[in-house]
Asker: 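Shown below is the structure under consideration.
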Amino acid sequence: MSIKPINSVLFVCLGNICRSPLAEGVFRIVWAERGRGRDMLLDSAGTGGWHAGEQPDRRSIAVAATHGVDISGQRARKVRPEDFSRFDLILGMDRANVRDLKALASPAARGRVHLYLDFATGNAADVPDPYYDGAEAFASVYRMIREASEALAKRLEASASLSSGQASSTI
Ligand code: 4NP
């Protein structure tokens, strides 16, 4: 059986200023902490383009900074058609994002689109949009993303070792 390795991940939400910049920034750190780093292309985008060119929301920047993660250098952008060929894995933060992404994807690329928490942890839940909420909502989103990032890293490592033919058993 041949399994295609995952070498690139795009994190997607609606505005690309609250959730997906956190998902990208936290995963980048978690992946690097596991001794990985430049072997994975990581980016984030929004299904909407209202905030294109902007920094992440100041509340996302703040909650990330509290945990030592700097996402202030990111800039929002809208999902582009070429993302569906460029990225092996496209993770929507909520079901509406997944529905919108699948509508944009060609039939061949649709299988690359997944619900973020479902793919990472097996729990088919949304990362709720915190945009109209307060700091506690951003803290809660951060916690969900931190936990999911660890699970996602484990899953991607497992897929990398399977696809390179390394034994993944525990003997
Ligand atoms: P995000 O949050 O999708 O997590 O970036 C939002 C940001 C902006 C808007 C909605 C959600 N907005 O409507 O402008």
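Order of listing sets the numbers, starting from 1, for every ligand and every atom in it.
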Asker: Please state which option from V141, D57, I17, T47 has its nearest heavy atom closest to atom 7 (C) of ligand 1.
Answerer: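 Among V141, D57, I17, T47, the closest heavy atom to atom 7 (C) of ligand 1 comes from I17.
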Asker: With a 3.5 Å distance limit and no angle check, can you tell me whether N97 reaches the backbone of M93 through a side-chain donor-acceptor pair?
Answerer: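 Checked: pair present.
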Asker: Mark yes or no: R112 above the aromatic ring of F84, with NZ or CZ under 6.0 Å from the six-membered ring centre and no more than 45 degrees from the axis.
Answerer: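 Judged by the rule (NZ or CZ under 6.0 Å from the ring centre, within 45° of its axis), R112 is not positioned above F84.
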Asker: For S60 and C18, indicate whether the former's side chain and the latter's backbone hold a donor-acceptor pair under 3.5 Å.
Answerer: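 Yes; at least one donor-acceptor contact below 3.5 Å.
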Asker: Students should be able to answer this: which protein heavy-atom is nearest to atom 4 (O) of ligand 1, and at what distance?
Answerer: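 The protein heavy atom lying closest is R19 NE, 2.7 Å.
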Asker: Before giving the answer on side chain to side chain contact (heavy atoms under 4.5 Å, CB included), spell out for L22 and F11 the whole-Å C-alpha distance, their side-chain angles and the decisive distance to 0.1 Å.
Answerer: CA-CA 9 Å; L22 280 174; F11 300 92; over 6 Å; no
Asker: When you check the gap from the basic side-chain N to the acidic O, do K154 and E150 get nearer than 4.0 Å?
Answerer: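 No salt bridge links K154 with E150.
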Asker: Tell me, which protein residue and heavy-atom name are nearest atom 11 (C) of ligand 1, and how many Å apart are they?
Answerer: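 The answer is D129 OD2, 3.0 Å.
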Asker: Any idea which atoms of ligand 1 are less than 4.0 Å away from a heavy-atom of C18?
Answerer: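 This gives 1 (P), 2 (O), 4 (O), 5 (O) as the contact atoms.
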Asker: Where is the nearest protein heavy atom to atom 8 (C) of ligand 1: which residue, which atom, and how far?
Answerer: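 Protein heavy atom at minimum distance: H51 NE2, 3.5 Å.
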Asker: Can you list the ligand 1 atoms lying under 4.0 Å from a non-hydrogen atom of L14?
Answerer: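 Selected atoms, number and element: 3 (O), 10 (C), 11 (C).
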Asker: What protein heavy atom sits nearest atom 1 (P) of ligand 1, and how far off is it?
Answerer: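 Minimum-distance protein heavy atom for atom 1 (P) of ligand 1 reads C13 SG, 3.5 Å.
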Asker: Can you hop from V69 to V141 via hydrophobic side chains spaced under 4.5 Å?
Answerer: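 Result: yes, single cluster for both.
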Asker: When you check the gap from the basic side-chain N to the acidic O, do E54 and R75 get nearer than 4.0 Å?
Answerer: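 So E54 does not pair with R75 through a salt bridge.
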Asker: Checking the N or O distance criterion of under 3.5 Å, is ligand 1 in contact with S20?
Answerer: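 Not met; the criterion fails.
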Asker: Looking only at protein heavy atoms, which one is nearest to atom 13 (O) of ligand 1, and how far off is it?
Answerer: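 It is Y132 OH, 3.9 Å.
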